[in-house]
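Notes follow the structure.
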Amino acid sequence: MRGRGGNQRANEPAGPALPAPRKAQSSSLCPQVMEGEPFHHFSHRGSRQRALSRHWGWHMRLTRDPQNNDVHPDLNILTAWSRGYTGLGVVLTVLDDGLEKDHPDLAANYVTKGGDPLASYDFNSNDPDPQPRYSDSDKNWHGTRCAGEVAAVANNGICGAGVAYNAKIGGVRMLDGSIMDIVEAQALSLQPQYIHIYSASWGPEDDGRTVDGPGVLAEAAFHRGVVQGRGGLGSIFIWASGNGGTNYDNCNCDGYTNSIYTVSVGSVLGDGQRPRYSESCPAILTTTYSSRTTSKVQIVTTDLHHRCTDKHTGTSASAPLAAGMVALALEANPALTWRDLQHLIIRASRPAHLQAEDWAENGAGRRVSHYYGYGLLDAGLLVQAASTWTGTRPQEKCSVQAIQVPRDIGSRLTISTDASSCSKSIRSLEHVQVQLSLSYSRRGDLVVALSSPMGTTSTLVTLRPYDTSQDGYKDWTFMSTHFWDENPKGIWTLQLENRGDAQNTGQLTSFILHLHGTDEDMPARRSAATATDECLRRDEQGACQDCGRSLYTHHGSCLSYCPPRYYGHARSATAHICASCHPSCYTCQGASANNCTSCPSGHTFQDITHTCQHPAEGSPSPAGLRRGLLLLTVLACGSLVLAAVLYPTCRTLLRPPCCPRARRTQ
């Protein structure tokens with residue numbers, strides 16, 4: 001993935017902004033350009049392709065050959081849909097290179113009132129129209145593709161259905177030109193009492209050498225958003241973790257994705273393997289599907305010129321999937337705060353089949369990985385937990401100044417500090433930050449890790465062989481979510497280790513430990529929830545195997561009724577499961593072809609035989625046949641969606657001699 005930085009750091013002044021390209025022939029300066037303000041370019045976090053997962057498509061799917069079966073486990077979106085959650089009443093905005101607002105698969109969900117967009121703006125041209133700038137190369141498709149993942153209209157036979165297909169969608173055009181810190185801040189602060197979720201799939205350059213983050217104004221906008229947004233419940237910021245894996249980049253060197261105010265989303269392939277472009281760091285909270293950059297079919301979504309594409313990928317595609325699922329959770333419980341949602345996302349993420357050697361159990365009994373956070377996000381679990389969730393107690397913060405005098409790093413330096421005083425206000429941890437100032441002769445050779453009193457070790461930054469900077473870290477803040485729900489009381493240990501040339505030298509001048517959490521005993525709440533969720537037996541990964549009473553076991557969850565494509569089946573007198581319908585049925589009462597109760601789009605339900613007849617079996621009109629073939633093609637692409645997912649989509653924008661921002665597309 002291309003990154004957000006160039007040779008200049010985001011907090012360095014770069015002079016006045018350059019003219020930004022417009023959608024039309026004229027050009028305009030960025031809004032509120034101020035001489036001396038820092039400005040930079042964003043690049044997308046994805047490749048120009050992405051693949052969707054099974055739930056990521058339609059209420060209906062085609063029968064597939066065995067080699068094209070759905071990925072299991074999937075994101076369980078059908079379960080959330082079957083409970084009636086489709087994003088209704090939730091507003092989401094994609095911060096990107098624009099939004100094709102008149103796309104036939106987006107227009108019905110585009111937010112307007114009296115003709116004026118409420119959740120959109122063009123900060124590159126300073127007007128309210130987010131329409132992308134078209135050109136011969138047509139590279140400004142990233143925002144439109146991300147938006148389709150979230151809110152493409154359902155059951156219209158066009159591209160597919162968004163995860164939250166009844167949510168309202170808006171777009172911010174900000175990546176297609178020179179921008180400044182103030183433009184970032186304006187985008188992050190757009191209509192915070194109206195917009196619920198902001199989705200961003202871009203960041204600093206993912207080149208393995210950049211250390212960059214939001215400027216003063218953007219950082220203030222993040223904080224103001226979580227404090228004042230949504231009537232004080234807090235704006236929700238969903239962020240792609242980064243596509244610098246092939247450059248050995250680490251997302252803790254990205255101040256956007258490692259902010260405590262953002263939900264950092266990683267990627268996984270359908271077979272559970274890690275994409276080569278995916279970065280690792282302890283700031284990643286959860287994971288959704290994407291695809292290899294070489295996959296023939298990635299995520300199916302909307303594209304420019306009213307078209308569809310099956311070439312969307314990278315972490316750029318993973319973040320919108322998570323944003324859509326968060327929209328479902330907000331419909332289930334609109335009173336959720338920004339911190340509530342992070343608690344719920346952790347509880348609704350499972351290690352499942354995600355492959356990594358670093359899976360470990362933290363002191364609170366939660367399995368976590370630097371590549372995937374707490375695992376694959378499950379929409380069914382998310383809405384189930386959200387619907388009954390009671391708000392967490394207020395956030396508490398405790399900071400400890402760990403060193404008083406500078407310390408030479410040498411080959412290895414270990415610093416221990418007692419945070420027992422913090423346990424007076426914090427009983428259960430949430431985010432943990434390590435703020436460091438240090439010099440080092442080759443920054444990328446330095447590996448930094450933090451260990452908690454409960455025995456959890458989190459690697460804050462790994463070896464970055466392309467980072468040859470001699471600048472060290474200047475008041476840089478690393479973040480880890482790996483200590484979630486632990487008690488902070490006791491000794492914390494920071495270790496800095498030289499993994500490069502023995503001649504490397506440096507000095508640690510400041511180390512501040514920031515602990516965030518609540519005075520509530522959150523593990524006790526977790527135990528109480530587990531005792532009442534009607535699950536009688538779980539596997540080693542936490543998925544339910546047997547549900548009690550009249551509930552049905554489905555993909556590791558306990559449901560009151562089965563989603564489309566499944567029916568309730570009594571495996572025994574006390575065990576009930578959701579069994580698969582016949583492939584021709586959309587809903588059914590049994591496994592046979594004559595047990596259908598409704599049919600997929602484009603099929604006809606036969607009342608007498610209770611079967612679904614494909615149009616080809618009757619006598620369709622030529623126009624109907626053409627529509628059927630089109631739908632068949634689209635559905636075929638969508639069916640592969642879950643198995644193959646995301647391929648870095650976005651493209652690098654204009655690059656003035658300053659800090660670009662990279663779209664997280666391969």
Side-chain angles (χ1 to χ4, degrees), residues 45 56 75 77 80 85-96 99 106 109-111 117-121 130 143-152 162-172 174 184 187-202 221-241 256-257 259-265 285-286 288 301 315-345 348 377 379 382-383 386 389 664:
R45 287 200 159 160
W56 176 225
L75 303 183
I77 292 174
Y85 300 118
T86 59
L88 189 65
V90 179
V91 180
L92 187 145
T93 289
V94 177
L95 309 180
D96 213 285
L99 173 68
L106 294 172
N109 286 335
Y110 180 67
V111 182
L118 294 176
S120 300
Y121 200 81
T144 298
R145 293 184 179 184
C146 292
E149 292 185 77
V150 179
V163 172
Y165 60 80
N166 274 329
K168 293 300 182 183
I169 191 74
V172 170
M174 59 178 293
E184 292 184 50
L188 294 166
S189 303
L190 181 68
Q191 298 280 15
Q193 304 310 321
Y194 182 74
I195 298 170
H196 302 99
I197 303 167
Y198 302 79
S199 180
S201 293
W202 45 263
F222 276 126
H223 183 263
R224 185 169 57 252
V226 300
V227 172
Q228 300 177 7
R230 292 196 304 131
L233 296 174
S235 300
I236 309 301
F237 301 102
I238 308 295
W239 226 268
S241 62
Y256 297 82
T257 200
S259 169
I260 70 171
Y261 305 129
T262 63
V263 174
S264 180
V265 182
L285 198 68
T286 191
T288 65
T301 185
T315 58
S316 280
S318 294
L321 293 177
M325 286 188 269
V326 168
L328 302 180
L330 283 182
E331 181 187 3
N333 186 348
L336 297 172
T337 68
W338 68 278
R339 287 173 50 242
D340 289 336
L341 276 162
Q342 295 199 27
H343 278 279
L344 289 167
I345 287 170
L377 187 57
L382 186 63
V383 298
W389 184 262
R664 301 209 143 151

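Reckoned from all heavy atoms, side chains included, excluding hydrogens, waters and symmetry mates.
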If we only count heavy atoms from C-beta on, is the Ile236 to Leu341 side-chain gap below 4.5 Å?
yes
Drop me the distance from Tyr198's OH to Leu188's CG, to the nearest 0.5 angstrom.
8.0 Å
Search all heavy atoms of Val111 against all heavy atoms of Lys168 and return the closest pair with its distance.
CG2-CB, 3.0 Å
Let me check something: any side-chain donor-acceptor pairs from residues 327-335 under 3.5 Å, sequence neighbours excluded? List them with distances.
from   : atom 1 : to     : atom 2 : distance (Å)
Glu331 : OE1    : Thr86  : N      : 2.7
Glu331 : OE1    : Gly87  : N      : 2.7
Glu331 : OE1    : Leu88  : N      : 3.3
Asn333 : OD1    : Ala335 : N      : 3.1
Asn333 : ND2    : Ala386 : O      : 2.9
Asn333 : ND2    : Trp389 : O      : 3.4

With heavy-atom distances below 4.5 Å as the criterion, would you say the side chains of Val326 and Ile345 are in contact?
yes
From Leu382 CG over to Met325 CE, what is the distance, rounded to the nearest 0.5 angstrom?
7.5 Å
Sidechain-backbone polar pair: Ser241 side chain, Ser264 backbone, donor-acceptor under 3.5 Å
no
Polar side-chain atom of Asn109 near backbone of Tyr165 as donor-acceptor pair, under 3.5 Å:
yes
In terms of ring plane angle, is the pair Trp239 and Tyr256 parallel, tilted or perpendicular, where the classes change at 30° and 60°?
parallel
Identify the heavy atoms of Ala147 and Ile169 that sit nearest to each other, and give their distance.
CB-CG1, 4.0 Å
By side-chain hydrogen bond (donor to acceptor under 3.5 Å, both in side chains), which residues pair with Thr93, not counting sequence neighbours?
none
Please name all residues satisfying side-chain hydrogen bond (donor to acceptor under 3.5 Å, both in side chains) with Thr144, sequence neighbours left out, ordered by chain then number.
none
Show me, pair by pair, the donor-acceptor contacts under 3.5 angstrom made by side chains of residues 190-197, not counting sequence neighbours?
from   : atom 1 : to     : atom 2 : distance (Å)
Gln193 : OE1    : Gly231 : N      : 2.7
Gln193 : NE2    : Gln228 : O      : 2.9
His196 : ND1    : Val91  : N      : 2.8

For the student: nearest non-hydrogen atoms of Ala167 and Ala151, plus distance:
O-CB, 4.0 Å
Answer yes or no: is there a donor N or O on one side and an acceptor on the other, between the side chain of Thr301 and the main chain of Arg145, under 3.5 Å?
yes
Under the rule for salt bridge (charged side-chain N to carboxylate O under 4.0 Å, His left out), what residues qualify as partners of Arg339, not counting sequence neighbours?
Glu430
Tyr261: partners by ring pair (Phe, Tyr, Trp, His ring centres under 6.0 Å), with sequence neighbours left out
His223, Trp338
Considering all heavy atoms of both residues, which atom of Ile238 and which atom of Ala319 are nearest to each other, and what is their separation?
CG2-O, 3.5 Å
Could you tell me whether a side-chain N or O of Thr315 sits under 3.5 Å from a main-chain N or O of Ser318, the two making a donor and an acceptor?
no
Heavy-atom closest pair (Ser120 atom, Gly170 atom, distance to 0.1 Å) is OG-CA, 3.3 Å
Side-chain heavy-atom pair Val94, Pro320 within 4.5 angstrom cut-off
no
In Å, rounded to the nearest 0.5 Å, how long is the span from OG1 of Thr337 to CG of Leu344?
9.0 Å
Measuring from Thr286:OG1 to Leu321:CG, what's the distance to the nearest 0.5 Å?
11.0 Å
Flag side-chain contact, heavy atom, 4.5 Å: Trp202 against Cys146:
no
Any idea which heavy atoms bring Leu95 and Ala187 closest together, and the distance?
CD2-O, 3.9 Å
